[in-house]
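Read the structure below first, then the notes.
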Amino acid sequence: MGAIGILWLRQIRRYLRSRARMVGSLGQPVLFLLAFGFGFGPVFARAGEGDYLAFVAPGIIAMGILFTATFSGIEIIWDRQFGFLRETLVAPVPRLTIVLGRTLGAATVALIQGCIVFAITLIAGFRVRELTLLPVALLFMFLIALLFTAIGTAVGSVLRDMQGFQLIMNFLVLPLFFFSNALFPEAGLPAPLRLVVRLNPLTYGIAGVRGALGAAHGLALLADFAVLGTLALLVLGIAAFLFSRIEV
Amino acid sequence: MIEVSGLVKTFGSFTAVDHVSFSVPEGQIRAFLGPNGAGKTTTIKILTTVLAPSAGSARVAGHDVIRERAAVRRAFGIVFQDPSLDEELTAYENMELHGVLYGVPRAGRRERIAALLGFVGLSGRADDYVKEFSGGMKRRLEIARALLHRPRLLFLDEPTLGLDPQTRNRIWEFVKELAAREKVTVFFTTHAMEEAERVAGEITVIDHGRIVAEGTAALLKEQTASATLEEAFIALTGRDIRAEDAEPADRMRMMRRIWRGR
Ligand SMILES: Nc1ncnc2c1ncn2[C@@H]1O[C@H](COP(=O)(O)OP(=O)(O)OP(=O)(O)O)[C@@H](O)[C@H]1O
Ligand SMILES: [Mg+2]
């Protein structure tokens with residue numbers, strides 16, 4: 001195992017050991033699933049839009065991923081406060097390796113969390129249309145995880161204390177979630193709102209998951225993949241740059 | 001093994017390290033003494049490539065700390081002044097992580113970890129979480145970890161802070177043995193003068209970022225006409241208390257130290 005591998009494993013170990021956090025971060029998505037999935041169902045159906053649970057489940061899965069991902073990324077702040085970051089920074093390993101190991105580990109954790117939410121939506125009655133597209137859905141889930149871990153890492157590299165986490169949650173992550181296609185369809189929105197939703201990277205991630213699970217057209221999926229993948233790499237690059245400038 | 005010349009580090013308008021020059025020959029145990037805020041940790045951070053100097057140069061194990069970072073990093077082991085373990089991992093996992101980061105070959109790694117843990121008296125605790133350890137146990141684990149990749153040079157920034165006399169003695173015996181048997185060079189800081197006198201071959205004293213004296217304990221006592229090293233230290237660095245103008249980060253560290261009792 002190399003440096004990336006062991007840093008990846010560290011994130012996984014920490015995740016598996018913090019049951020409270022694991023369960024705690026499921027609370028919000030489950031709440032949304034119950035309240036929105038079942039509460040809006042009748043309205044949605046009456047408006048002729050079909051099955052709301054089938055629509056909203058991918059959004060809820062994404063929600064589970066992005067909260068965990070952002071949090072795991074921003075955990076860098078804790079590592080700095082508890083001193084562990086210094087141990088990795090004096091090691092004879094390029095910073096890029098360190099940031100990659102961390103980010104991939106944190107993104108994997110978020111993906112697992114997303115899979116648990118996925119399982120819960122299945123229990124709630126959500127159904128996958130086309131099983132062969134399941135890996136594609138997982139790929140999109142991973143890209144969402146990677147994007148938001150990278151955002152968390154970038155922010156965590158700049159901030160010095162955990163109070164910054166609230167800031168990012170309230171002014172970046174929550175707005176990105178609410179102004180995406182997670183809870184409502186894009187079609188029929190007022191033009192300004194629609195533009196915002198369109199510019200939101202999360203929209204492409206959710207469209208991808210929704211498309212893959214709902215057996216959508218391959219071409220649309222490819223476009224979503226291109227947008228989300230490019231963006232995830234871009235933000236990862238920014239995170240790596242900011243991480244490389246940390247002084248401890 | 002360490003060669004420092006004209007080293008300067010400024011933080012804004014404050015000069016923490018002010019034209020420092022000294023050298024430590026291979027195999028020596030060198031004590032680096034100075035009051036709080038004298039610039040000891042800052043100097044060590046530069047030597048260990050964590051901070052870039054504002055001016056001057058430093059070579060560690062024959063490599064330049066700015067231009068040959070990777071080679072420098074492979075050559076030394078360090079115990080930082082502040083804790084640097086992952087408390088959510090076990091003692092073994094912390095060691096393993098270090099071993100992989102430093103490219104310690106897989107063959108024999110497990111045995112070496114076991115031997116080092118045994119050496120610092122943590123054999124039975126390898127699979128316990130570090131968060132369950134006492135301050136002294138954590139410190140011993142950090143020392144074992146710093147030695148895992150067989151460094152030629154060991155930096156110890158206040159390694160015995162908050163430890164009981166038994167553990168302190170044990171650690172210094174070990175350090176001396178290491179230097180004698182394996183020719184490991186040791187560069188350490190402490191506020192316990194008797195430790196410096198007992199362990200160090202030579203002593204470098206720094207104050208307000210400047211080197212104020214250098215030599216064996218006997219020489220420093222002679223130069224200042226003092227009976228003990230503590231008196232010599234006070235004669236060299238004055239009686240003022242330094243914590244008052246401490247920076248916030250420094251104060252936080254002191255608070256934490258008081259909280260944790262170390
Ligand atoms: N990142 C920083 N930003 C600003 N000032 C700093 C920074 N790091 C250290 N200093 C200041 O530089 C001076 C030297 O600090 P340093 O930590 O090197 O002291 P020290 O000799 O290790 O003291 P101690 O015995 O208390 O550990 C102090 O006044 C400290 O407040
Ligand atoms: Mg210090």
Side-chain angles (χ1 to χ4, degrees), chain A residues 1-22 24 71-72 75-102 104-106 109 156-157 159-163 243-248, chain B residues 9 11 41-42 44-52 63 65 68-90 93-104 106 109 129-131 138 141-142 145-146 148-149 151 155 157 248-249 252-253 256:
Chain A
M1 192 184 336
I4 292 186
I6 196 80
L7 290 167
W8 177 86
L9 186 62
R10 166 179 182 253
Q11 300 296 133
I12 307 293
R13 280 174 169 159
R14 285 173 67 93
Y15 168 71
L16 294 177
R17 282 162 200 183
S18 57
R19 295 271 149 71
R21 201 180 107 201
M22 203 191 296
F71 185 80
S72 305
E75 257 191 326
I76 268 192
I77 297 175
W78 278 359
D79 279 351
R80 185 193 291 214
Q81 279 183 359
F82 286 105
F84 177 76
L85 191 63
R86 205 171 292 138
E87 154 76 1
T88 56
L89 295 189
V90 293
V93 182
R95 290 236 179 152
L96 184 63
T97 306
I98 294 169
V99 84
L100 281 181
R102 279 193 70 98
L104 290 176
V109 163
S157 300
L159 295 180
R160 285 213 160 237
D161 58 52
M162 261 324 211
Q163 266 131 32
F243 184 81
S244 75
R245 290 172 23 130
I246 293 184
E247 283 201 339
V248 282
Chain B
K9 180 68 193 181
F11 296 109
T41 299
T42 306
I44 290 183
K45 281 184 178 170
I46 296 171
L47 294 179
T48 54
T49 76
V50 179
L51 276 184
H63 302 287
V65 295
E68 302 165 272
R69 282 188 182 196
V72 169
R73 288 176 181 188
R74 264 189 290 275
F76 70 79
I78 180 165
V79 173
F80 298 101
Q81 180 167 355
D82 299 320
S84 65
L85 296 162
D86 185 339
E87 306 223 337
E88 303 290 330
L89 298 184
T90 67
E93 288 166 351
N94 268 285
M95 296 287 277
E96 181 192 33
L97 198 147
H98 183 94
V100 174
L101 288 184
Y102 281 78
V104 175
R106 199 192 173 85
R109 193 198 299 149
Y129 292 124
V130 171
K131 62 183 170 198
K138 286 180 196 166
L141 178 58
E142 285 180 314
R145 184 179 67 177
L148 182 58
H149 57 285
F155 288 102
D157 199 353
M252 198 175 80
R253 187 154 73 200
R256 187 163 64 191

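By convention in this document, chain letters (A, B, ...) are assigned in the order of the sequence lines, proteins followed by strands, and residues within each chain are numbered from 1.
The parts of A/Thr88 that come within reach of chain B are both its backbone and its side chain, each placing non-hydrogen atoms under 4.5 angstrom from that chain. Of the two parts of A/Arg13, only the side chain, counted from C-beta on, holds a non-hydrogen atom closer than 4.5 Å to a non-hydrogen atom of chain B. Contacts between B/Leu101 and chain A at a heavy-atom distance below 4.5 Å involve backbone atoms as well as side-chain atoms. Only the side chain of A/Leu7 has a heavy atom closer than 4.5 Å to any heavy atom of chain B.
Contact record, A/Gly83 with B/Ser84: O-CB, 3.3 Å, taken as the closest heavy-atom pair. When every heavy atom of B/Arg73 is checked against every heavy atom of A/Val93, the shortest pair comes out as NH1-O, 4.1 Å.
Looking at B/Tyr102 and A/Pro92, their side chains come closer than 4.5 Å, going by heavy atoms from C-beta outward. By the 4.5 Å heavy-atom criterion applied to side chains, B/Leu89 and A/Arg17 are counted as neighbours. Counting heavy atoms from C-beta outward, B/Asn94 and A/Glu87 have side chains that stay 4.5 Å or more apart.
Taken to the nearest 0.5 Å, the CD atom of B/Glu88 stands 11.5 Å off from the CZ atom of A/Phe84. One distance of note links CH2 of A/Trp78 with CD of B/Glu87; it measures 12.5 Å at 0.5 Å rounding. Note that CG of B/Asp86 is 4.0 Å distant from CZ of A/Arg10, once rounded to the nearest 0.5 Å.
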side-chain contact (heavy atoms from CB on, under 4.5 Å) assessment of B/Phe155 paired with A/Val90: CA-CA 12 Å; B/Phe155 288 102; A/Val90 293; over 6 Å; no
From CA spacing to verdict: side-chain contact (heavy atoms from CB on, under 4.5 Å), A/Arg86, B/Ile78: CA-CA 10 Å; A/Arg86 205 171 292 138; B/Ile78 180 165; over 6 Å; no
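Chosen from A/Ala91, A/Gly2, A/Ser18, A/Ala3, the residue pairing most often with chain B at heavy-atom distances under 4.5 Å is A/Ala91. Of all the listed residues (B/Arg145, B/Arg69, B/His98), the one sharing the greatest number of non-hydrogen pairs under 4.5 Å with chain A is B/Arg145. For chain A, the option among B/His149, B/Glu93, B/Glu96 with the highest count of heavy-atom pairs below 4.5 Å is B/Glu93.
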